[in-house]
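These notes concern the structure reproduced below.
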Amino acid sequence: MSTGLMFSKIAVRHGYHIFDYVEYPSLIRGGHNVYEVRVSDNPVYSQEKKADFLFALNRETVDLHKQELKDGAIVVIDREKFEVNPADFQTQNVILYDLPLGKLTLSVGADKVMENNVALGATIAVLKMDLAVLIAIISEIFAKKGEEVINKNSKAAQAGFDYVTSHPPEKFLLTLPKKKALPQMIIAGNEAVGLGAITAGCKFFVAYPMTPSSSLMHFMAEHGQKNGVVVKHAEDEISVINMAIGASYAGVRSMLGTAGGGFSLMVEGLGLAGITETPLVLMVGQRPGPATGMPTWTSQGDLHFVINASQDEFPRIVLAPGDAEEAFFLTFEAFNLADYYQTPVIILTDKYIGESHYSVEVFNLKNMFVNRGKIISWEDGDKVDGYLRYKITDDGIPVRALPGMKKAVFTANSYEHDEYGWSTEEAKDRVSQVDRRNKKLEIYKKTIPDPKIYGEPDADLTLVAWGSTKGPVLQALQDLRKENYHKKVNFLHLTHVWPLPVSYLESTFKKARKTLIIEGNSTAQMASLIRQETGIQFEHQLLRFDGRPFYPEDIMIKVKEILS
Amino acid sequence: MIDNVNLYQPRSPTWCPGCGDYGIWASLKSTIKIMNWDLDKFVIVYGVGCSGNMTDFIRSHGFHSLHGRALPNAEGIKIANHQLNVVCVVGDGDCYGEGGNHLLHAMRGNSDIKVLVHDNRVYGLTTGQTSPTSPHGYKSKSTPSGVIEYPVNPLSLAITQGASFVAQGFAGDITHLITLVTAALKHSGFAILNVLQPCVTFNKVNTYTFYRERILKLDEKHDIKDREKALSLVSDIGHKIPLGVIYQVERPTYQDQEIVLQQGPLVKQIIKNPSEHTDLLAEFAEVEKESYHMAG
């Protein structure tokens, strides 16, 4: 477990809310890694630009981040390793604190890898936090490795803690005293997707490693077996989607995880799921592309791609959760939708939501129901006469049968087919099957929930974002409130991004005076999608496509600029 | 009990008169009857090509896949319901070209699926281009000066990559082919049966006569467990073409080794009520656990 995540856990066990964000290059080890934890008494939705506390393990860290410090921030360094002068910082009143990290580690006979725990011990001493909480976390992490490892690591933490306690930093006033802890979970977006899948009764998960989706695969591999999920690392993404389709055709809830690049290889399979009407749940994690792009960074550049992928036309549903909680509930919903409409459902995430940790209340499992849609029972499937898998029905949704049934027999066919499933090239069959498949989406459109509006209904400016950009926008909104902007700005967040809730958007934007779209791509894909579906044009746009997430500060600047 | 009425559908095959596919089709249907499989016992996964068109000439649970992708579909089906017998009907371009990677990995996992390859050494459905098994120098619409590559050797590939049943049949000898399809379907583990199948329309080289002159039927003296012998038999390119079960070993299948499947077929394992996952969520709750008090 990374030191940063340990700090997040410590903070939550002290009764705080956290959001953490990690930046790292596409390397196996090393390179410049940053782990940023934002801690607050109130819920936090995103990272922020400037830090109160920087633990720098090397000189490069100071050089790269010296402009990202708040007034009066503390920077912890080990002067034996590198030198830093107060003059290096533009920010006023930076407190430099020298912690003999290497020496302290040696002094307690700990290994060099345990320096992290010395650092954590020192950090919580600076912030006046409780050492026992850190020791508890260390003993949980190393429970399997035995007493000796726990003791060594605990001693390391104690050494850091004791040093700072006897050499307290001057003038640094920020503390995080222990409060009554709320029962919260710390969970990354990808983990929430995995939990959602298991809760929905996913029985087969298949993937091929690709950042930023791999941590979902790791989660499923770790938790799948004891929860009845077969987890398969297949030979390539083409196999991934086809195995998932095979398993789903045979009757189990199946899911795959991939990134935009892997999804590119799956496109033909997506069409196969569409024409055979095989339910399928896909998590597609976005990163900057095309091709290999920037593997470990974030993006919202695949919206048009996932909506349009595959030749010709078939119904699909795309959901874009905005945070870990939505990732959990929308993944659960995705399985119900896939079964009900017998078609692929894509959960569109990205590196930012997938790998960032959120502190959230433990998910409430009440009022969650599994709906497998129209499947003929095994009993009826053994005795039915004249079963037709692709029968023309009023709602477009036919009744599924499963291989292994005695009489409900059919061919799942990648060719256009008739009501049984036999291949056909007849114009009449073709038109009636396409019409029927399309009708499924028309039925679904009537059920799309209204997007959430945050803030006052009649604001001067409406911000619109989708997926993971929710966090920075909510944070900006919260911070704008403090500056008395709350009556002027509100925020519409889209999670159901295809098909769009068209009539809701049409009626909402009739009222909005000014509009700003905020999204992580270079061509404002959501803005053009909304224009395509509703004719609504966005007046202003804030786009980011450098691989970094939005920062609330930048959103605030844009909002003030528009309202000035 | 399965009979002709169950397996036939009212459509007539669209293959060219004299096509080797008829022999393979007849052998598969006969074998299904020999195996005494009712419709609830098996599913056939078809690739795309002349071979895959068989999908419309057999009435049973069937999945007509994409070109090259029948194997991963079949593996997914077998994982979801390992009580089903899963048979793949594929072609040489389909399985050795477009889907070559899937073949390698299905074999090394010994996934419990049976693969019947229609090997006509040419692309028939797309009107006569060279295939991965076309002989070196083969002239076709896509290689008018003769193909530069040498053909893949699917049998040696199968023996070295972990297939636990490797056989070769001939579409022109249905009686013999039925015995091979039967042996393949009875095998536990990955079985590949390469069926030499003349394409009377596009392949003027590998004809019925061509094969009849070269075929070497393996008899009971052949030791099917002898890997070295099997490899030397299939490596004798250009001389005798071995026909029969070339190699067969017993080893645990992919599905045997998947722990979750030991609880029964996945499709029959119940989906818990969502509220029963409280314990799983509790693992993520940041509360002071027991160890806190011990260490604190």
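Computed from heavy atoms alone, side chains included, the values below leave out hydrogens, waters and symmetry copies. Letters A, B, ... mirror the listed sequences (proteins, then strands); counts begin at 1.
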- Message: Evaluate M243(A) against N73(B) for side-chain contact (heavy atoms from CB on, under 4.5 Å), listing each step before the verdict.
- Response: CA-CA 5 Å; M243(A) 283 188 185; N73(B) 288 148; over 6 Å; no
- Query: Between I238(A) and H102(B), is a side-chain contact (heavy atoms from CB on, under 4.5 Å) present by the stated rule, with each step listed?
  - Reply: CA-CA 9 Å; I238(A) 299 172; H102(B) 309 312; 3.7 Å; yes
- Query: So, do V260(B) and F204(A) sit near enough that their side-chain heavy atoms are less than 4.5 Å apart?
  - Reply: no
- Under a 4.5 Å heavy-atom cutoff, which of T276(A), N227(A), L131(A) has the most pairs with chain B? N227(A)
- Message: Regarding K232(A) and E258(B), does a basic nitrogen lie under 4.0 Å from an acidic carboxylate oxygen?
- Response: no
- Task: Could you look at D418(A) and say if it's the side chain, the backbone, both or neither that has a heavy atom under 4.5 Å from chain B?
- Result: side chain
- If you count heavy-atom pairs under 4.5 Å between each of V12(A), V230(A), N367(A) and chain B, which one has the most? V230(A)
- Message: Heavy-atom pairs under 4.5 Å with chain A - which of A80(B), A74(B), G76(B) has more of them than the others?
- Response: G76(B)
- Message: If you count heavy-atom pairs within less than 4.5 Å of chain B, which of G251(A), S423(A), S154(A), A250(A) leads?
- Response: S423(A)
- Item | K179(A), NZ atom: more than 12 neighbouring heavy atoms under 6.0 Å | yes
- May I ask you to test the L39(B)-K407(A) pair for a side-chain heavy-atom distance under 4.5 Å? no
- Task: Check whether V229(A) gets within reach of chain B through its side chain, its backbone, both or neither, counting any heavy atom under 4.5 Å.
- Result: backbone
- Going by residue number, which parts of residues 408-416 of chain A are within reach of chain B, meaning a heavy-atom gap below 4.5 Å? A408(A), V409(A), F410(A), T411(A), A412(A), N413(A), S414(A), Y415(A)
- Query: Taking C-beta and beyond as the side chain, do R13(A) and V287(B) meet within less than 4.5 Å on heavy atoms?
  - Reply: no
- Task: Would you mind telling me which of G109(B), G62(B), A70(B) has the largest number of heavy-atom pairs within less than 4.5 Å of chain A?
- Result: G62(B)
- Measure the CD-CZ distance between E268(A) and R69(B) for me, rounded to the nearest 0.5 Å. 5.5 Å
- Item | Donor-acceptor under 3.5 Å (N242(A) side chain, P72(B) main chain) | no
- Item | Spatial distance of atom NE2 (H105(B)) from atom OG (S239(A)) [nearest 0.5 Å] | 8.5 Å
- Note on the structure: Taken to the nearest 0.5 Å, the spacing of H61(B) NE2 from K406(A) NZ works out to 10.5 Å
- Pick from L66(B), T55(B), V86(B): which one has the most heavy-atom pairs with chain A under 4.5 Å? L66(B)
- Roughly how far, to the nearest 0.5 Å, is the NE2 atom of H64(B) from the CD1 atom of I275(A)? 11.0 Å
- Message: Counting only heavy atoms from other residues, nucleotides and ligands, does the tally under 6.0 Å from NZ of K186(B) exceed 12?
- Response: no
- Here the pair of heavy atoms bringing R11(B) nearest to W422(A) is NH2-CB, 3.3 Å
- Message: Could you walk me through whether L365(A) and H277(B) satisfy the side-chain contact (heavy atoms from CB on, under 4.5 Å) test, starting with their C-alpha distance in whole Å, then the side-chain angles of each, then the deciding distance to 0.1 Å, before giving a yes or no?
- Response: CA-CA 8 Å; L365(A) 299 174; H277(B) 289 285; 4.2 Å; yes
- Top contributor to chain B interface from G421(A), G228(A), P403(A), A234(A) [non-hydrogen pairs under 4.5 Å]: P403(A)
- Query: Is it the backbone or the side chain of I270(B) that comes under 4.5 Å from a heavy atom of chain A, or both, or neither?
  - Reply: backbone
- Which of parallel (below 30°), tilted (30 to 60°) and perpendicular (above 60°) describes F63(B) and Y249(A)? perpendicular
- Task: Name the region of I138(A), side chain, backbone, both or neither, that has any atom closer than 4.5 Å to a heavy atom of chain B.
- Result: neither
- Item | L104(B) and E235(A): CA distance, side-chain angles, deciding distance, side-chain contact (heavy atoms from CB on, under 4.5 Å) verdict | CA-CA 9 Å; L104(B) 281 186; E235(A) 65 269 18; over 6 Å; no
- Query: Which of the residues L266(B), V43(B), N81(B) is involved in the greatest number of heavy-atom pairs with chain A at under 4.5 angstrom?
  - Reply: L266(B)
- Highest number of heavy-atom pairs under 4.5 Å with chain B: which of I198(A), N364(A), V362(A)? I198(A)
- Task: Please state whether the side chain, the backbone, both or neither of Y254(B) comes within less than 4.5 Å of a heavy atom of chain A.
- Result: side chain
- Query: About how many Å separate NZ of K203(A) and NZ of K268(B), when rounded to the nearest 0.5 Å?
  - Reply: 13.5 Å
- Query: Picking from V48(B), L84(B), N273(B), which has the most non-hydrogen pairs under 4.5 angstrom with chain A?
  - Reply: L84(B)
- Task: Any chance you could measure H417(A), atom NE2, to D56(B), atom CG, to the nearest 0.5 Å?
- Result: 11.5 Å
- Flag the pair F332(A) / P274(B) as yes when at least one side-chain heavy-atom distance between them is below 4.5 Å, and no otherwise. yes
- Item | Aromatic ring proximity Y358(A)/F284(B), centre distance under 6.0 Å | no
- Flag yes if more than 12 heavy atoms outside E361(A) fall under 6.0 Å of its CD atom; otherwise flag no. no
- Query: Pick from H223(A), R253(A), R372(A), K366(A): which one has the most heavy-atom pairs with chain B under 4.5 Å?
  - Reply: H223(A)
